[in-house]
Amino acid sequence: MQLEFLFAGFAVFWAAIFVYLLMLQARLRGLQREVDRLEERLAEREAEADAAPRTVTR
């Protein structure tokens, strides 16, 4: 009887770890997409700044 409870406890523990890791992976994937979007926006702004005519002020 006690072994069944021990097995059930370990099963619940490992299932919780697995679910937590899946959630963590999803968050990391979302953060990576956000970083990629920010890098694209930064590259676009730098390209616009390089293409814009520069005015000389004295």
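Every heavy atom of this structure was used, including side-chain atoms; hydrogens, water molecules and symmetry mates were not. Only a predicted model underlies this, so the values are computations on that prediction, with no experimental measurement involved.
- The stretch residues 35-46 participates, sequence neighbours left out, in these salt bridge (charged side-chain N to carboxylate O under 4.0 Å, His left out) pairs: E34-R37.
- The distance from the CG atom of L24 to the CZ atom of R29 is 11.0 Å, given to the nearest 0.5 Å.
- Note on V35: it does not cluster hydrophobically with L42, by side-chain heavy-atom contacts below 4.5 Å among ILVMFWY residues.
- Under the 4.5 Å side-chain heavy-atom criterion for grouping Ile, Leu, Val, Met, Phe, Trp and Tyr, I17 is connected to F10 within one hydrophobic cluster.
- Every residue two or more places apart in sequence or in another chain that forms a side-chain contact (heavy atoms from CB on, under 4.5 Å) with L22 is listed here: F18, Q25.
- Cluster membership for F5 and W14, using ILVMFWY side-chain heavy atoms within less than 4.5 angstrom, is not shared.
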